[in-house]
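Structure record follows, encoded as structure tokens.
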Amino acid sequence: MPSIQPIKAARGVRDILPKDRAAWAVVERGAVRAARRYGYQDLLVPIIEPLELIERGVGGDTDVVRKEMYRLEPHSDSSARLALRPEATASVVRAYFEGGLNQAPQPARLFTLGPMFRHDKPQYLRYRQFYQFDVEVIGDGAAPFDAEVIEMSKGWLTDLGLARISLELNSIGDQACRPAYLEKLTAYYRPLKDQLHYDCQRRIESNPLRLLDCKEEQCQPFKSGAPKITDNLCEACAAHFEEVRRHLDAGGIEYRLNPYLVRGLDYYTRTVFEYQHTALGGAQNALGGGGRYDGLAAELGYPATPGVGFAAGLDRIVAMLAEEGEEVVPAPPARVLVLPATPEQNLAAAQVGRLCRSVVACAVDYTSRSLKAKMRSAAKTGVPIVAILGEDEAARQVVQLRDMHSGEQAETSWDRLPEAFA
RNA sequence: GUGGCUAUAGCUCAGCACGGUUAGAGCACCAGAUUGUGGAUCUGGGUGUCGUGGGUUCAAAUCCCACUAGCCACCCCA
């Protein structure tokens with residue numbers, strides 16, 4: 001009779017259920033551990049940000065801004081235009097200035113974990129709400145910081161147990177050398193315009209760097225003849241790139257030079273890098289990446305301040321861990337489960353639960369099922385110990401403690417319960 | 001934004017090509033198999049808008065149309 005369609009989760013989002021949460025926790029704890037080991041500090045930044053922060057930060061010609069933004073409807077004409085953040089770097093840079101971190105000893109080493117939002121068409125490992133681990137070093141432009149961010153993120157991934165990942169590395173120059181390079185690049189591509197696909201024809205004028213990482217079949221033949229950015233770096237950028245590589249080599253970090261690696265966000269200068277997983281195909285193989293963004297702060301209206309960062313998608317990393325056979329067995333929710341034989345003993349069972357909780361996680365089965373059914377249910381949850389409480393035990397203030405693995409059972413008085421689990 | 005696939009029990013699906021008895025299976029869940037004690041086995045327990053709306057027909061889960069939702073792929077990203 002009351003037949004409405006059950007309300008389902010919004011398109012492109014999902015729940016991480018308790019059985020999967022343990023694997024997520026491993027990945028998150030690993031991220032926190034890796035960052036702290038290098039002296040990075042945790043912070044939280046808002047999920048909603050001024051639209052302009054994102055547009056100016058990420059770049060107006062990126063897909064992220066052009067078609068994937070979650071814009072919030074303004075409450076009134078005078079209220080600020082807001083959007084859900086599609087990435088965290090611009091927010092962290094903003095927080096760095098607004099929170100006065102620019103006045104503390106430099107650079108600031110920061111990290112944060114949280115959800116990001118992009119209105120893509122959902123598919124395998126592509127969600128509209130996904131989770132990122134984000135690391136930033138703001139306030140100094142030295143090359144070793146680039147290498148440190150890479151080393152730290154790589155260490156995180158390998159410590160988790162991921163083996164089938166590759167690291168791609170490139171430098172895309174800066175204000176000094178990139179304009180001249182882009183001239184060369186557009187000069188090369190302009191005569192070929194007719195043979196490029198629609199988006200690339202537009203990119204020649206709007207964002208020529210992105211011609212390099214186009215994956216369209218018809219654009220591929222022209223890439224090898226295109227001038228390479230790494231052959232056109234200014235002296236400072238070339239020296240910077242070389243120093244990054246020296247540090248990576250000294251640290252034993254393997255990487256593959258990829259002169260076509262560009263990244264999808266406009267704010268990068270000099271170093272860019274990306275982690276890919278060999279089990280993932282197409283354009284979805286990116287687990288994470290990052291780079292230097294020495295022009296970002298100024299773009300947001302703050303004093304010019306260099307920075308370098310890294311972000312990775314937790315959804316994909318969790319999935320790739322499972323893909324590589326890393327199993328995370330979730331712990332039973334409680335170590336002790338109290339089983340009143342009948343509802344008559346519920347009050348006594350609650351009291352036993354209180355006593356146990358001074359030392360262990362303890363749940364009580366208040367259902368009206370038979371004791372046999374409660375035992376069956378307890379076995380399935382994997383709880384290692386049950387405390388059985390019948391009329392007789394309740395009267396004498398004792399319980400039968402049963403080890404669910406060995407089947408051994410012994411009587412214990414209530415006042416000795418804490419020491420029984422210590 | 002473009003394309004493909006799917007929609008039947010809480011979950012995974014069969015049934016649909018040749019429309020026609022009370023629409024099935026497995027899993028999960030609940031109960032029971034002598035007195036208050038588990039994972040095995042056995043037994044019992046399901047009226048589910050057959051995604052929604054319309055059409056064809058004596059008759060539609062089954063054929064036709066529209067819509068909606070989900071999944072997968074392309075583009076791009078994480």
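The figures here come from the full heavy-atom set of this structure, side chains too, leaving out hydrogens, waters and symmetry mates. Just so it is clear: chains get the letters A, B, ... in the order the sequence lines come, proteins before strands, and each one is counted from 1.
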Donor-acceptor contacts, no H, no angles, side chain residues 30-46 of chain A, under 3.5 Å, sequence neighbours left out:
unit_1: A:R37; atom_1: NH2; unit_2: A:D159; atom_2: OD2; d: 3.3
unit_1: A:Y38; atom_1: OH; unit_2: A:E151; atom_2: OE2; d: 3.1
unit_1: A:Y40; atom_1: OH; unit_2: A:E148; atom_2: OE2; d: 2.6

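- Proximity of A:Q123 to the phosphate of B:C71: no side-chain N or O atom is located under 4.0 Å from OP1 or OP2.
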For residues 413-422 of chain A, run the donor-acceptor check on the side chains, cut-off 3.5 Å, and write out each pair with its distance to 0.1 Å, sequence neighbours left out.
unit_1: A:S413; atom_1: OG; unit_2: A:D415; atom_2: OD1; d: 2.6
unit_1: A:W414; atom_1: NE1; unit_2: A:V398; atom_2: O; d: 3.1

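- Residue pairs satisfying the salt bridge (Lys or Arg N to Asp or Glu O under 4.0 Å) criterion with at least one member in residues 331-341 of chain A, sequence neighbours excluded, are absent.
- Taken together, the paired segments of RNA chain B that extend over three or more consecutive Watson-Crick or G-U pairs, each closer than 3.5 Å at both contacts, are B:1-7 with B:68-74, B:10-13 with B:24-27, B:29-33 with B:41-45, B:51-55 with B:63-67.
- For A:V386, the side-chain contact (heavy atoms from CB on, under 4.5 Å) partners at least two apart in sequence or on another chain are A:L337, A:L339, A:M375, A:A378, A:V383, A:I388, A:R402, A:M404.
- For A:R354, there are no salt bridge (Lys or Arg N to Asp or Glu O under 4.0 Å) partners two or more places apart in sequence or in a different chain.
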Nucleotide N/O of nucleotides 66-70 of chain B paired with protein N/O under 3.5 Å:
unit_1: B:G70; atom_1: OP2; unit_2: A:R11; atom_2: NH1; d: 3.0

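- Taking the salt bridge (Lys or Arg N to Asp or Glu O under 4.0 Å) definition, one finds that A:R71 meets it with A:E55, sequence neighbours left out.
- The list of salt bridge (Lys or Arg N to Asp or Glu O under 4.0 Å) pairs with a residue in residues 13-27 of chain A, not counting sequence neighbours, reads A:R14-A:D315, A:R21-A:E28.
- A ring pair (Phe, Tyr, Trp, His ring centres under 6.0 Å) check over residues 305-349 of chain A, counting only residues at least two apart or in different chains, returns the pairs A:Y275-A:F310.
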Identify the pairs formed between an N or O of the protein and an N or O of nucleotides 36-39 of chain B at a distance under 3.5 Å, and give each distance.
unit_1: B:G36; atom_1: O6; unit_2: A:E393; atom_2: OE1; d: 3.3
unit_1: B:G36; atom_1: N1; unit_2: A:E393; atom_2: OE1; d: 3.0
unit_1: B:G36; atom_1: N1; unit_2: A:E393; atom_2: OE2; d: 3.0
unit_1: B:U37; atom_1: O2; unit_2: A:R402; atom_2: NH1; d: 3.3
unit_1: B:U37; atom_1: O2; unit_2: A:Q409; atom_2: OE1; d: 3.1
unit_1: B:U37; atom_1: N3; unit_2: A:Q409; atom_2: OE1; d: 3.1
unit_1: B:U37; atom_1: N3; unit_2: A:Q409; atom_2: NE2; d: 2.9
unit_1: B:U37; atom_1: O4; unit_2: A:Q409; atom_2: NE2; d: 2.9
unit_1: B:G38; atom_1: OP1; unit_2: A:K372; atom_2: NZ; d: 3.4
unit_1: B:G38; atom_1: N7; unit_2: A:R402; atom_2: NH2; d: 3.0
unit_1: B:G38; atom_1: O6; unit_2: A:R402; atom_2: NH2; d: 3.2
unit_1: B:G38; atom_1: N1; unit_2: A:M404; atom_2: O; d: 2.4
unit_1: B:G38; atom_1: N2; unit_2: A:M404; atom_2: O; d: 2.7
unit_1: B:G39; atom_1: O6; unit_2: A:M404; atom_2: O; d: 2.6
unit_1: B:G39; atom_1: N2; unit_2: A:A379; atom_2: O; d: 3.0

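- In this structure A:E326 satisfies the salt bridge (Lys or Arg N to Asp or Glu O under 4.0 Å) test with no other residue, sequence neighbours excluded.
- In this model, the phosphate group of B:A78 is approached by a side-chain N or O of A:R263 to a distance below 4.0 Å at OP1 or OP2.
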